[in-house]
Amino acid sequence: MNFFPYENCYITSALSYEDAQLKLEEILSPGKGLFSPIPYFKGYIANGVFQISPDITYRNSFLPQIKGVIQANSKGCSINLTMRMYTAVEVFATLIAIGFGIAGLISVIYDSIDSNLKPVDFSLFLGALLVYILATAAFKAESIKAREKLLEIWDGELIKNK
């Protein structure tokens with residue numbers, strides 16, 4: 001079981017293996033002229049294996065890190081995508097959630113010893129839950145945007161989402 005947000009999905013496209021790889025390379029490449037489009041992703045692709053992330057102009061720690069493999073099939077190609085958060089963000093969120101959990105546990109233990117346990121003593125556990133919910137929601141919003149952009153690039157169809 002993976003505690004943090006993680007997505008594994010498959011995209012099918014009518015594009016050939018070479019065309020799918022070329023389309024991704026085009027969107028990774030920086031623009032050549034004044035009016036050329038700004039690339040949406042940064043990263044690399046080699047021999048059908050890629051590692052990319054959205055290239056944004058604002059700060060966002062919850063951007064998905066996308067790893068994938070392009071494979072040829074009889075109808076064109078299929079792309080296996082794996083999206084996850086930055087490891088540093090996972091560690092930081094875990095430490096915050098653990099901190100809230102330990103503080104909540106200490107509060108409950110001390111108040112139960114004094115026979116003065118109140119429902120408000122469990123509020124620190126809600127802080128840990130809030131950290132998890134916020135991290136998951138922020139990652140999910142960004143991963144949906146990235147997945148939709150990749151579907152648009154490859155003119156593909158999402159066939160499986162684990």
Side-chain angles (χ1 to χ4, degrees), residues 1-102 125-162:
M1 184 176 139
N2 194 359
F3 178 71
F4 282 101
Y6 172 89
E7 286 189 34
N8 190 15
C9 57
Y10 298 88
I11 296 174
T12 58
S13 176
L15 295 173
S16 68
Y17 169 86
E18 293 81 14
D19 289 341
Q21 187 166 328
L22 185 63
K23 286 265 192 180
L24 186 58
E25 286 174 356
E26 286 174 1
I27 199 139
L28 289 177
S29 302
K32 302 281 190 255
L34 185 61
F35 297 107
S36 60
I38 297 171
Y40 190 81
F41 292 102
K42 61 183 175 183
Y44 70 87
I45 182 167
N47 300 324
V49 178
F50 59 90
Q51 185 170 351
I52 59 175
S53 64
D55 191 14
I56 58 172
T57 57
Y58 54 91
R59 293 179 188 245
N60 189 340
S61 298
F62 299 102
L63 291 175
Q65 302 303 296
I66 306 167
K67 293 180 181 180
V69 178
I70 302 172
Q71 298 171 332
N73 64 24
S74 60
K75 297 178 183 177
C77 70
S78 62
I79 301 106
N80 178 8
L81 299 175
T82 303
M83 295 187 242
R84 58 180 304 138
M85 281 196 297
Y86 283 107
T87 304
V89 175
E90 289 180 357
V91 169
F92 186 69
T94 300
L95 291 176
I96 290 173
I98 288 172
F100 272 115
I102 290 172
F125 293 117
L126 293 176
L129 183 62
L130 181 65
V131 168
Y132 176 73
I133 289 171
L134 289 175
T136 302
F139 171 80
K140 190 68 171 172
E142 292 297 332
S143 69
I144 288 171
K145 284 192 258 182
R147 186 176 59 226
E148 292 299 320
K149 185 66 175 179
L150 289 171
L151 284 168
E152 177 187 322
I153 291 167
W154 286 315
D155 193 25
E157 179 182 345
L158 188 66
I159 59 168
K160 191 175 182 183
N161 196 357
K162 289 184 182 178

field: Derivation and outcome, side chain to side chain contact (heavy atoms under 4.5 Å, CB included), residues Lys145 and Tyr40
entry: CA-CA 11 Å; Lys145 284 192 258 182; Tyr40 190 81; 4.1 Å; yes
query: Passes side chain to side chain contact (heavy atoms under 4.5 Å, CB included), Ile11 versus Leu151? Steps please.
result: CA-CA 7 Å; Ile11 296 174; Leu151 284 168; 3.7 Å; yes
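- Applying the side chain to side chain donor-acceptor pair (under 3.5 Å) rule to Asn60 yields the partners Glu142; only residues at least two apart in sequence or on another chain are considered.
- Residues Phe62 and Val89 have side chains in contact (heavy-atom distance under 4.5 Å, counting atoms from C-beta outward).
- For the residue pair Pro5 and Met85, the shortest heavy atom distance occurs at CD-CE, 3.6 Å.
- Note: Asp19 CG to Leu24 CG = 12.5 Å, rounded to the nearest 0.5 Å.
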- request: Determine, stepwise, if the pair Phe139 / Met83 fulfils side chain to side chain contact (heavy atoms under 4.5 Å, CB included).
  value: CA-CA 9 Å; Phe139 171 80; Met83 295 187 242; 4.1 Å; yes
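- A heavy-atom distance below 4.5 Å is not found between the side chains of Asp55 and Phe41.
- In terms of the side chain to side chain donor-acceptor pair (under 3.5 Å) criterion, Asn80 has no residue partners (sequence neighbours excluded).
- At a cut-off of 3.5 Å, with distance as the only test, a side-chain donor of Glu7 or Ser143 sits close to an acceptor on the other residue.
- The existence of a salt bridge linking Glu26 and Lys23 is excluded, since no basic side-chain nitrogen approaches an acidic carboxylate oxygen closer than 4.0 Å.
- Checked by atom type and distance alone, the side chain of Tyr44 never pairs as donor or acceptor with a backbone atom of Ile52 at under 3.5 Å.
- Counting heavy atoms from C-beta on, the side chains of Tyr132 and Ile96 never come closer than 4.5 Å.
- The structure places CG of Leu81 at 9.5 Å from OH of Tyr10, a figure rounded to the nearest 0.5 Å.
- Once rounded to the nearest 0.5 Å, the distance linking CD1 of Ile27 with CD1 of Ile153 reads 3.5 Å.
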Validation: residues 67-74 side-chain donor-acceptor distances under 3.5 Å, sequence neighbours left out:
unit_1	atom_1	unit_2	atom_2	d
Asn73	OD1	Lys75	N	3.1
Asn73	OD1	Gly76	N	2.9
Asn73	OD1	Cys77	N	3.4

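- Within the 4.5 Å cutoff, the side chain of Arg147 has no heavy atoms near those of the Leu150 side chain.
- Looking at every heavy atom in both residues, Ala146 comes nearest to Pro64 through CB-CG, 4.1 Å.
- A distance of 11.0 Å separates CD1 in Ile79 from OH in Tyr17, rounded to the nearest 0.5 Å.
- In plain terms, the two heavy atoms of Pro54 and Leu63 that are nearest each other are O-CD1, 3.8 Å.
- Closest non-hydrogen pair, Gly101 versus Phe125, comes out as O-CE2, 3.5 Å.
- Side chain of Trp154 to main chain of Ala20: a donor-acceptor pair is present (N/O by atom type, distance under 3.5 Å, no hydrogens or angles).
- The shortest non-hydrogen separation linking Leu28 to Gly43 is CD2-N, 3.9 Å.
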message: Please determine whether side chain to side chain contact (heavy atoms under 4.5 Å, CB included) holds for the pair Leu126 and Phe100, giving the CA-CA distance in whole Å, both sets of side-chain angles, and the decisive distance to 0.1 Å.
response: CA-CA 8 Å; Leu126 293 176; Phe100 272 115; over 6 Å; no
